[in-house]
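In what follows, a structure is listed as structure tokens, so that the remarks can point back to it.
Throughout, protein chains are lettered first and strands after them, A, B, ... in sequence-line order, and every chain is numbered starting at 1.
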Amino acid sequence: MDLQPVRTRFAPSPTGRMHLGSARSALYPFLLARRTGGTFILRIEDTDRKRFVPGAEEELIEGLRWLGIEYDEGPDIGGPYGPYRQSERREIYHEHAWKLVERGHAFPCFCSPERLEQVRQQQIANKQNPRYDGACRDLDPDEARRRVRAGEKYVIRFKMPKEGSITVTDLLRGPITTDNAALDDSVLLKSDGMPTYHLAAMVDDHLMGITHVIRGSEWLPSLPLHAHVLRGFGWEEPVFVHLSVFLKPSGKGKMSKREAAEALKDGYSIFITDMKELGYIPEGVLNWIVLMGWGVPEDDIMTLDEMIARFDINHLTPSPAAVNFAKLDHFNGAHIRRLPTEDLAARIKPYFLREGLAVDDDLLLRIVPLIRERLVTLDDCLPFAAWFFRETVTPKPEELVAKGLTAAQSAEVARRACVILEALPEITPALAEPPLRAYVEQSGLSAGQVFGILRVAVTGQTVSPPLFESMEIVGKEKVLARLRAAIETLEAMK
RNA sequence: GCCCCCAUCGUCUAGAGGACCAGGACGCAGCCCUUUCAAGGCUAAAACCGGGGUUCGAAUCCCCGUGGGGGCACCA
């Protein structure tokens with residue numbers, strides 16, 4: 001792979017929440033930039049005031065920060081090519097739109113939206129493709145300029161050649177040739193003075209020195225237009241890479257708002273800030289996303305640094321990918337298991353605090369190794385370990401009764417266990433397991449029956465971290481107290 | 001309707017004409033381990049969309065068909 005330093009960008013519009021697609025559109029250019037020792041920038045494409053969503057930019061930035069996708073230049077940190085918010089670059093687009101007019105590649109258009117809509121309806125009725133009818137295309141330049149100066153409302157449209165064709169290359173798909181006749185005189189500068197994407201993105205990518213444009217495949221149909229704009233300015237084309245869309249889990253149809261709501265019902269989300277809330281860690285989310293559209297031969301559990309080392313822009317897949325949440329769980333669990341004890345402890349601590357539990361850090365550090373491989377998401381720490389932080393547990397009486405035994409028999413088991421444990425100087429797996437196993441042996445009961453009673457008595461639940469290690473952490477005194485409480489409960493059941 | 005893109009196990013993918021009776025991962029099934037739940041180990045089932053070419057040889061190149069996706073705004 002060519003390792004010349006590149007300049008890439010993530011250019012979202014602040015019109016909604018940051019989702020899977022946004023994250024991947026940021027991740028790939030980021031990886032390419034880091035891989036080549038280049039630069040990655042964040043640019044906000046907020047040229048549509050009607051669709052602007054307050055807080056969207058903040059969520060984007062928060063999402064990127066959480067994921068660990070750091071940009072070198074951006075609206076909040078500045079940089080040598082600013083401003084990085086398109087709404088702050090109006091004059092630049094205005095100037096460039098007119099430059100294109102001067103060069104004969106664009107023209108001012110005074111058609112009203114009403115007339116345009118009427119034309120469109122007419123064309124649809126006649127089964128023609130809806131497109132601009134060229135009314136202002138050949139207006140006398142001086143006349144047009146005079147009307148503009150007189151304050152008449154206008155837009156600037158690209159003057160698409162009527163004949164010929166244009167060939168543009170997408171890195172993943174190869175050269176794509178399109179007849180100019182199939183292209184429209186698209187609007188570049190809107191009547192409110194703001195540019196459309198077609199102008200703004202091309203101007204900014206050029207002015208900001210972007211070498212590789214990595215974006216969603218929804219832009220593929222307008223790639224020929226973009227090439228025309230670029231050539232109209234006489235600019236060199238960047239490398240274009242169009243990413244495939246995400247399909248819904250069934251693979252039938254693309255991910256939609258409705259599908260996002262569907263996912264939420266199953267405890268999943270396509271929104272980045274939700275994932276954090278649901279207990280996913282950035283390492284897991286990143287690993288999941290990076291592999292939708294890219295593949296590695298083996299060892300697909302990777303950290304961000306490992307991704308950077310292995311990333312190859314030439315090997316992305318151009319075909320659409322169905323979202324698979326089971327795989328997200330797998331990657332998340334795998335990365336949780338890789339986390340050092342202190343790190344994992346720090347990440348799960350907030351979940352206990354949120355439950356109103358007083359967390360002792362030393363205790364937490366001893367618990368982590370017991371639950372680490374049981375966590376799929378961080379919040380799984382609660383069902384497995386919240387009871388460690390409670391003074392007492394309240395087992396359900398019926399759960400204290402072992403399968404195949406009566407309450408009285410279960411009480412007897414608890415009593416015998418109590419006697420055995422009481423005789424020990426302290427409870428450790430090494431000290432407690434042999435005598436309890438010996439008891440299992442001579443009692444004729446199964447290990448599951450005996451340990452099951454102890455588990456419920458000590459932890460208050462049927463599913464828990466390993467019993468002996470748990471009892472060691474709880475301590476002899478509390479274990480015995482809980483066993484006695486269980487015996488009482490059992491006896492009261494008679 | 002018109003234009004464009006895509007096509008390997010259920011899913012994500014490896015594959016750059018011979019190294020492929022197609023490899024990995026998730027999921028699924030079985031077994032092992034086991035005090036619960038996990039994790040881990042082992043095993044299994046599972047794919048080159050169809051048809052034509054090109055070539056000594058095609059998952060890989062070309063054409064057609066089919067299927068899927070995207071786009072046709074003074075939205076991005």
Side-chain angles (χ1 to χ4, degrees), chain A residues 11-16 45-48 50-51 86 109 111-113 116-117 120 124 127-131 153-157 170 172-173 176 178-179 182-184 186-198 200-201 215-224 242 244-245 247 249-254 288 291-301 314-315 317-331 333-334 337 371-376 380 383-384 433 436-437 440 446-456 459 461-468:
Chain A
S13 62
T15 53
E45 311 224 323
D46 56 348
T47 55
D48 187 354
K50 294 186 283 292
R51 293 209 310 158
Q86 290 187 327
C109 167
C111 298
S112 69
L116 258 16
E117 183 53 31
R120 189 192 331 273
I124 291 171
K127 295 195 171 169
Q128 290 170 297
N129 285 337
R131 59 188 302 158
K153 278 250 177 202
Y154 72 98
V155 301
I156 290 182
R157 290 178 179 273
D170 171 89
L172 308 177
R173 289 160 251 257
I176 299 165
T178 310
D179 284 334
L183 270 18
D184 205 356
S186 302
V187 172
L188 300 180
L189 196 72
K190 300 183 269 185
S191 58
D192 65 357
M194 280 294 203
T196 60
Y197 175 90
H198 308 305
R215 48 153 45 168
S217 66
E218 66 270 21
W219 294 114
L220 214 40
S222 43
L223 179 58
H242 292 88
S244 63
V245 295
L247 270 24
S250 64
K252 305 250 180 273
K254 71 163 176 176
W288 180 50
L291 256 13
M292 284 194 278
W294 180 45
V296 293
E298 271 154 53
D299 295 330
D300 58 359
I301 303 292
N314 296 296
H315 286 256
T317 49
S319 48
V323 168
N324 181 345
F325 290 110
K327 210 151 181 166
L328 168 61
D329 282 339
H330 167 256
F331 282 121
R337 270 169 254 134
I371 63 173
R372 174 186 280 123
E373 62 237 27
R374 281 160 246 269
L375 307 184
V376 171
D380 286 341
F384 276 114
E433 191 165 354
L436 282 173
R437 286 216 181 267
V440 167
S446 75
Q449 288 173 311
V450 173
F451 297 145
I453 293 169
L454 293 186
R455 180 186 315 284
V456 174
T459 71
Q461 45 198 51
T462 54
V463 174
S464 81
L467 180 61
F468 295 106

Report task. Kindly give the heavy-atom pair with the smallest separation between A:L467 and A:F451, and that separation in Å. Result ->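 Nearest pair, atom of A:L467 first, then A:F451: CD2-O, 3.7 Å.
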Requested in this report: Might you point out which heavy atoms bring A:S319 and A:S244 nearest each other, and give the distance in Å?
Outcome: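 Scanning both residues, the minimum pair turns out to be O-OG, 3.0 Å.
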Requested in this report: Considering only atom P, compute the distance from B:A22 to B:G67 and round it to an integer number of Å.
Outcome: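 Nearest-Å result for B:A22 against B:G67 at atom P: 29 Å.
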Query raised in the report: Given the C1' atoms of B:C33 and B:A39, what is the spacing between them in whole Å?
Result: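 That atom pair is separated by 11 Å.
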Hey, does [X] reach any base, or is it just sugar-phosphate, or nothing, if we go heavy atoms under 4.0 Å?
X: A:R173; result: sugar-phosphate
X: A:G253; result: sugar-phosphate
X: A:N129; result: base
X: A:I176; result: sugar-phosphate
X: A:R337; result: sugar-phosphate

Quick one: look up who [N] pairs with, Watson-Crick or G-U, both distances under 3.5 Å, and put none if it's unpaired.
N: B:U54; answer: none
N: B:A38; answer: none
N: B:A25; answer: B:U11
N: B:G67; answer: B:C6
N: B:C48; answer: none
N: B:C33; answer: none

Report task. Check if the side chain of A:S191 and the base of B:C74 share a donor-acceptor pair of N or O atoms closer than 3.5 Å. Result ->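 Looking at the base of B:C74, it does pair with a donor or acceptor on the side chain of A:S191 (distance under 3.5 Å).
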Any side-chain N or O of [X] under 4.0 Å from OP1/OP2 of [N]?
X: A:K252; N: B:G68; result: no
X: A:R131; N: B:C72; result: no
X: A:K190; N: B:A76; result: yes
X: A:R372; N: B:A39; result: no
X: A:T462; N: B:U36; result: no
X: A:T47; N: B:A76; result: yes

